[in-house]
Amino acid sequence: MPQLGESIAEGTIAKWHKRVGDAIGKDEPLLEISTDKVDSEIPSPEAGIVAELLFPEQETVAVLTVIARIETDTSAVVRTEAGASAMDAKDAAPPALRAPAAERTHPVAQVGSEAARASEQVPQAVSEDVAGGRFYSPLVLNIARSERIGMAELERIPGTGVQGRVSKNDILAYVERKKSGGDAADDGAREPERPAEAGAAEVRVPMDAMRRSIAEHMVRSKQVSPHVYSVTEADVSRLVAYRERMKQGFEQREGVKLSLTPFFLDAAVKALKEFPYINASIDGDT
């Protein structure tokens with residue numbers, strides 16, 4: 001589980017793009033993870049065959065934990081028992097893949113143990129959240145940049161990933177259609193809308209980890225600090241005029257611009273000293 005930010009300690013596996021026994025190329029999307037700060041599509045660190053998926057979808061896992069193994073010896077054949085699910089990979093894989101690493105005769109790439117390496121491939125995804133509320137993985141953004149696809153054009157590409165997200169395959173298919181002269185933006189590839197049940201007045205969609213965390217923090221903030229608002233108008237025209245007179249000299253002397261904020265802070269400090277109960281808190285019945 002790669003660490004997509006210094007303060008992120010865990011991630012939730014939102015979706016596996018591959019199953020045990022599937023072939024996968026280097027940098028091809030392996031899974032999507034969700035954290036309380038960012039969602040991201042994680043590429044495979046190596047090419048090979050998916051040998052083990054160690055956690056199911058929607059499982060929350062600590063960073064740096066091994067979450068999958070990829071058989072990098074392409075001559076090896078990975079078989080799963082009839083009806084075995086991807087999560088039964090540990091029992092379904094042949095003995096060579098279940099044996100301790102020291103006993104194996106060919107290499108197996110561990111996804112998650114080299115989180116620093118994965119972080120290089122998904123560099124600082126926290127900063128890649130874009131306008132419009134739609135998230136794009138660093139891999140998709142890199143493809144868009146190399147193909148000279150602007151953000152407005154990227155917004156129009158239909159996505160088949162989680163919550164309509166644009167995947168690597170979506171943007172590559174778009175580029176191919178565009179080069180062939182087809183109608184790239186509208187080819188019926190949009191994710192089908194989820195129909196409401198007959199007579200139902202609402203459709204319930206599970207929250208991802210980020211929305212769930214935001215909701216929990218919002219509720220907690222109300223419980224910790226009851227919110228009360230009071231609005232009063234104040235004439236600060238003399239303050240504005242004073243700032244206008246002083247700002248040029250202040251910037252030359254201090255090297256920073258003079259804003260109204262320090263004046264408001266000064267007023268707040270004086271008010272708190274005069275009315276200390278404003279800074280009080282409740283503890284039981286005291």
Side-chain angles (χ1 to χ4, degrees), residues 1-5 8 10-35 38-57 59 61-80 84-125 128 136-146 160-162 165-173 175:
M1 178 64 66
Q3 187 170 17
L4 300 178
I8 295 177
E10 60 186 17
T12 300
I13 298 173
K15 180 181 180 181
W16 287 107
H17 287 296
K18 297 291 184 179
R19 299 298 176 192
V20 172
D22 288 352
I24 190 168
K26 185 174 182 179
D27 295 334
E28 185 179 354
L30 175 60
L31 76 156
E32 294 180 22
I33 63 171
S34 177
T35 72
V38 67
D39 291 352
S40 189
E41 191 175 71
I42 305 301
S44 173
E46 298 290 343
I49 299 172
V50 178
E52 290 182 274
L53 301 181
L54 302 178
F55 295 92
E57 292 180 352
E59 183 90 0
V61 183
V63 298
L64 308 185
T65 301
V66 176
I67 55 178
R69 291 189 174 93
I70 296 171
E71 175 60 65
T72 57
D73 182 355
T74 55
S75 64
V77 179
V78 179
R79 298 184 301 273
T80 56
S85 68
M87 294 308 104
D88 297 327
K90 187 174 182 181
D91 297 325
L97 299 182
R98 295 200 301 268
E103 299 176 9
R104 293 176 185 153
T105 58
H106 39 262
V108 174
Q110 296 191 139
V111 181
S113 61
E114 302 179 21
R117 182 177 180 180
S119 297
E120 291 177 6
Q121 295 173 336
V122 191
Q124 295 302 318
E128 298 289 7
Y136 299 95
S137 71
L139 183 60
V140 169
L141 290 174
N142 285 336
I143 295 173
R145 280 191 286 268
S146 64
T160 59
V162 175
R165 191 169 299 143
V166 175
S167 67
K168 174 188 174 184
N169 291 335
D170 292 331
I171 191 168
L172 290 178
V175 171

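None of the values given here were measured: they were computed from a predicted structure.
Heavy atoms only, all atoms of each residue included: Ile42 and Pro2 are closest at CD1-CG, 3.9 Å. Here the closest non-hydrogen pair linking Glu41 and Lys168 is OE1-N, 3.6 Å. Taking both residues in full, the closest heavy atoms of Ile70 and Pro45 are given as CD1-CD, 4.2 Å, listed atom of the first, atom of the second, then distance. Scanning both residues, Val166 and Val140, for their nearest heavy atoms gives O-CG2, 3.4 Å. Of all the heavy atoms in Leu53 and Lys18, the pair that sits closest is CD1-O, 3.4 Å. Across all their heavy atoms, Met1 and Ile13 have their closest contact at CE-CG1, 4.0 Å.
By the 4.5 Å heavy-atom criterion applied to side chains, Thr160 and Asn169 are not counted as neighbours.
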*asked:* Before you tell me yes or no, could you show the steps for Val61 and Leu54 under side chain to side chain contact (heavy atoms under 4.5 Å, CB included), namely the whole-Å CA-CA distance, both residues' side-chain angles and the distance that decides it to 0.1 Å?
replied: CA-CA 10 Å; Val61 183; Leu54 302 178; over 6 Å; no

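Distance check: His17 NE2 to Leu31 CG gives 7.0 Å after rounding to the nearest 0.5 Å. Of the inter-residue distances, the one linking Ile24 atom CD1 with Ile49 atom CD1 reads 11.5 Å to the nearest 0.5 angstrom. The structure places CD1 of Ile171 at 9.5 Å from CG of Asn142, a figure rounded to the nearest 0.5 Å.
Without hydrogens or angle criteria, Ser167 side chain to Asp170 main chain gives a donor-acceptor distance under 3.5 Å. Not one N or O on the side chain of Glu10 forms a donor-acceptor pair closer than 3.5 Å with the backbone of Thr35. Glu57 places a side-chain N or O within donor-acceptor distance of the main-chain N or O of Trp16, the cut-off being under 3.5 Å.
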